[in-house]
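By convention in this document, chain letters (A, B, ...) are assigned in the order of the sequence lines, proteins followed by strands, and residues within each chain are numbered from 1.
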There are 2 protein chains.
Amino acid sequence: MTAPAALTAASDARSVEILDLVRHAFAEKGFDGASMQDLARAAGMSVGNFYRYFPSKAAIVEGLIHRDLSEIEATFAAVMGSPDPLAVLRATLAERVNEDCAADGQIWAEITAAALRKPEIGAVAQKMEDEIAGYMMAVFARITGLSLAEAHIRFRAQATLIVMLVKAAAMQPAQEPETRSNLSALILRTIDRTLDEVVASALKG
Amino acid sequence: MTAPAALTAASDARSVEILDLVRHAFAEKGFDGASMQDLARAAGMSVGNFYRYFPSKAAIVEGLIHRDLSEIEATFAAVMGSPDPLAVLRATLAERVNEDCAADGQIWAEITAAALRKPEIGAVAQKMEDEIAGYMMAVFARITGLSLAEAHIRFRAQATLIVMLVKAAAMQPAQEPETRSNLSALILRTIDRTLDEVVASALKG
DNA sequence: ATGTGCTGAATGAACGTTCATTCTCGGAAT
DNA sequence: ATTCCGAGAATGAACGTTCATTCAGCACAT
């Protein structure tokens, strides 16, 4: 039983490598715009071999989403593991909003559009956003001392808004540095206010 | 000279009709996903004739953007023309955030993605967002009594954030009605707070 | 007859996907 | 030490489809 397991593990590791190589090409040309030939070339292999790792184009998008999700999962694990989760959450969000990652924005824009268009991708993307909101609400529960269920009832909108803001910030096109930094600052202030509201609402209610 | 002008005018009117017919098909299949055959069928005409109105796919996207922009222009004209611009602006934004127009969200997602990918579309989209922000800043100048130039310096980020929030709200996927209305309410509260900040900042400084 | 507006079949390129084939190479047999 | 084997990695040509774009020809008004 070790042989097949090892094989799958090796293949999975390779898939992750391929996803990293392919990501840029996908972001640049879009879901329908990037051909399998393009993607195979980006991965440094032939078309046929490429199909051994991803049986379809949609599978690549799903792979990219899962990869992003597992990164975010790790981030939230760090947040939850820290002694001051709220501060770490704030810092993490600040970093994400301030970093000028055009590539991430491009691919998120593609995924957002594809999610609204193709139901199979929409389902995966929806699940991802739900899980992120779930992590965020878990942090809220931890901060406020409320139960997870209570936090889900009270703070779902806040969690969704924050995710939405981070996504929207990443999808913003390139601008003059000053304009951009003013906007980033305002977005961060908005996020901070929303977090303040979560804390305050818990103290009151 | 009247003949060509009339022809162009008639052709422009027809183009607008076609854009309305085509919009839905474009939103459903995306920029690369929608074929010229699809679009011609949606417009109720032959492929060849369709090319007489739009010589390329990018031209259609530009047309859609211009059409949206002129609608928004009219909306802002109404805002500026009213005796209480701030109240009308608030009401207009509330309406836009609450209306569940999945079609608009889909096409905005497509345009956002295409804008990040194709520079020619990005330029047009950027110009559109700049103009919208410009209208909003004009409203801010009117409300606060500041000069247009001063409003541009002070409130560009606020204007951009509000546009961003409205766009993001439209691009949100379908959800349970309660979740959705909670989110809409929070987004509106965030917009209102941003507008409050504009007013307050003007009183202070 | 002449001009005009429109059609939809034709064209060649490019698409996603498949598959017959070749290459690579670690270890079993000699 | 040499040969051979087989399994999985990799190839790229081929398939049927669909794409954007063009244009010869039709109907109809003048």
| remark: Quick note, B/Met36 side chain, CB onward, closest among C/dT7, C/dG16, D/dT21 is D/dT21
| query | So, is A/Arg52 near the phosphate of D/dG8, with a side-chain N or O under 4.0 Å from OP1 or OP2? | reply | no
| field | Separation of atom CD1 in A/Ile60 from atom C1' in C/dG16, rounded to whole Å | value | 11 Å
| said: Side-chain N or O of A/Gln37 versus OP1/OP2 of C/dG16: is the shortest distance under 4.0 Å? | reply: yes
| request: Scan for side chain to side chain donor-acceptor pair (under 3.5 Å) pairs involving residues 122-132 of chain A, sequence neighbours excluded, and state none if there are none. | output: A/Glu129-A/Lys167
| message | On the nucleotide D/dG12, are OP1 or OP2 found under 4.0 Å from the side-chain N or O atoms that A/Arg41 carries? | response | no
| task | Give A/Ala34 one of three labels, base, sugar-phosphate or nothing, depending on what nucleic acid heavy atoms sit under 4.0 Å from its own. | result | sugar-phosphate
| Whole-Å distance between C/dC6 P and B/Arg14 CZ? | 8 Å
| Does the side chain of A/Ile60 reach to within under 4.5 Å of the side chain of A/Met36, using non-hydrogen atoms? | yes
| Nearest-angstrom distance from the residue atom OH of A/Tyr51 to P of D/dA9 | 19 Å
| More 5' along DNA chain C: A/Phe31 or B/Met45, using each one's nearest nucleotide? | B/Met45
| said: Side chain of B/Val47, heavy atoms from C-beta onward: which of C/dT18, D/dA10, D/dT22 has the nearest atom to it? | reply: D/dT22
| Does A/Tyr53 put a side-chain nitrogen or oxygen below 4.0 Å from OP1 or OP2 of D/dA10? | yes
| task | Assess the side chains of B/Glu197 and B/Gln158: does a donor N or O sit below 3.5 Å from an acceptor N or O? | result | yes
| request: Can you figure out which of D/dA10, C/dT17, C/dC6 approaches the side chain of B/Asn49 most closely? | output: C/dC6
| message | Using whole Å, what does the distance between atom P of nucleotide D/dA9 and atom CZ of A/Phe50 come to? | response | 16 Å
| said: I want to check something: taking the side chain as every heavy atom from C-beta on, are B/Phe54 and B/Leu19 in contact at a cut-off of under 4.5 Å? | reply: yes
| query | Between B/Lys57 and B/Gly48, which is nearer to the 5' end of DNA chain D once each is assigned its nearest nucleotide? | reply | B/Lys57
| field | Spacing of B/Asp32 atom CG relative to D/dT18 atom P, expressed in whole Å | value | 17 Å
| task | Say whether A/Ser46 and A/Asn49, considering side chains only, have a donor N or O and an acceptor N or O under 3.5 Å apart. | result | no
| field | A/Leu39 CG - C/dT17 P separation (whole Å) | value | 11 Å
